[in-house]
Amino acid sequence: MSDVQRRKYSQEERSTIFDGEFMPHIDSMYNFAFRLTFDEDDAKDLVQDTYMKAFRFINSFEQGTNAKAWLFRILKNSFINDYRKKSKKPATVDYQEVETFYNSDDADYQRTSDLRAESVRDMLGDEISNALNALAVDFRTVIILADLEGFTYEEMAKILDIPIGTVRSRLHRARNLLKDTLKGYAQSMGYATDEEED
Amino acid sequence: MPQTKRRTKQVVMENKEESSPERKLQCNDVSKCFQLLERILDGELVEGGNEMLQEKLDKCQPCFAHFHLEQAIREVLKTKCTKQPVPDKLAESIRQMIQDAR
Ligand SMILES: [Zn+2]
């Protein structure tokens, strides 16, 4: 994106796009920002910054295309450039490392095969939320985009600037890690897992 | 498979019984099957996906269990992780910032 752009939209058109296509996504944007930063003030700033950038670069948005994906991409880039660096949280595990470390689907399956759908459905919102928040940021991000926000693989590839194949494998890996955590909860809460059956 | 547990049955496909004598207990290719099931759940259509899905749910117990687990996970994520309350004045302050920037 560049500051120097040809003027495509009139003042009035810009307002229409901003209010009609950008503002309706504020809830999803805030939820995404909060789950990236874990801090209400940072999330607020991140969403505000994103909307400011969206307004400044509105001429590079094609009216009628996917505004939500366009906004999410700006938010994700702002997070990486402005927030991730100054975050007080300990450095997250690089996903490449994790992807190499856990490289066997069969092993993943062995570990979580006894986690049951009913146990997952019976879990509390906080447990699900904590399990999601416990994932490294790159894994957390793909789950948020796919499962909370319903983006397609193709949209996710654009938002994250990665190939579709990487989206697919990262998502698969992320869900396996999530299941590990959920399985731990299920066992500690005494939910039924097949292992415990007599 | 225990029969005494209370369970909520999820109706997705015609054959929704949790265990069935028709299903084999070992999956021939866990890795390939599960990735396929996950793509179908993610709405990424694969050619002949529905037929393959039906076949696996009918004939393979690990695939059946995996499909329902993955489906449950997607459901709870969607219903339990999207309710972060947005601060009252956020939308207003954004509109103000835009106003000032004009
Ligand atoms: Zn199978």
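Residue numbers start from 1 in every chain, and the chains themselves are labelled A, B, ... in the order their sequence lines are given, proteins ahead of strands.
- The line from CZ of B:R95 to CE of A:M23 is 4.0 Å long, rounded to the nearest 0.5 Å.
- In this structure, CZ in A:R116 is found 12.0 Å from NE2 in B:H68, a value given to the nearest 0.5 Å.
- In this structure, no portion of A:N133 lies under 4.5 Å from any heavy atom of chain B.
- With salt bridges taken as basic N to acidic carboxylate O contacts below 4.0 Å, none links B:E38 and A:R168.
- Scanning all heavy atoms of the two residues, the minimum distance from A:Y30 to B:P85 falls at CE2-O, 3.4 Å.
- Atom NZ of A:K68 is surrounded by more than 12 heavy atoms from other residues, nucleotides or ligands within 6.0 Å.
- Across all non-hydrogen atoms, the minimal contact from A:M123 to B:K80 is O-NZ, 2.6 Å.
- Annotation for A:I26 and B:V86: closest pair O-CG2, 4.5 Å, computed over non-hydrogen atoms.
- With a threshold of 4.5 angstrom between heavy atoms, A:Y51 approaches chain B through its backbone and through its side chain.
- For the set A:E149, A:K44, A:M29, the count of heavy-atom pairs under 4.5 angstrom toward chain B peaks at A:K44.
- With hydrogens and angles ignored, the 3.5 Å screen pairs a side-chain donor or acceptor of A:N31 with a backbone N or O of B:C81.
- When A:S28, A:G125, A:A117 are compared by the number of non-hydrogen pairs under 4.5 Å with chain B, A:A117 comes out ahead.
- Taking every heavy atom of both residues into account, B:S93 and A:Q48 meet most closely at OG-NE2, 2.6 Å.
- Looking at heavy atoms from C-beta onward, B:I98 lies in side-chain contact with A:M52 at the 4.5 angstrom threshold.
- For a residue to count as touching a neighbouring chain, one of its non-hydrogen atoms must lie under 4.5 Å from one of that chain's; by this rule B:A65 does not touch chain A.
- Of the inter-residue distances, the one linking B:Q84 atom CD with A:F32 atom CZ reads 14.0 Å to the nearest 0.5 angstrom.
- Within the 4.5 angstrom heavy-atom criterion, atoms from both the backbone and the side chain of A:L148 approach chain B.
- The environment of B:K83 atom NZ is dense: over 12 non-hydrogen atoms of other residues, nucleotides or ligands sit within 6.0 angstrom.
- Environment of CG in A:D161: crowded, with over 12 heavy atoms of neighbouring residues, nucleotides or ligands closer than 6.0 Å.
- Between B:I94 atom CD1 and A:T50 atom OG1 the span is 8.5 Å, to the nearest 0.5 Å.
- Going from atom CG of B:L69 over to atom CG of A:L115 covers 5.0 Å, rounded to the nearest 0.5 Å.
- To the nearest 0.5 Å, atom NE2 of residue A:H172 and atom CG of residue B:D42 are 11.0 Å apart.
- Within 6.0 Å of the CD atom in A:E154, the count of heavy atoms belonging to other residues, nucleotides or ligands does not exceed 12.
- The nearest pair of heavy atoms linking B:V76 to A:R121 is CG1-CA, 4.0 Å.
- Residue A:I144: no heavy atom, backbone or side chain, is found under 4.5 Å from chain B.
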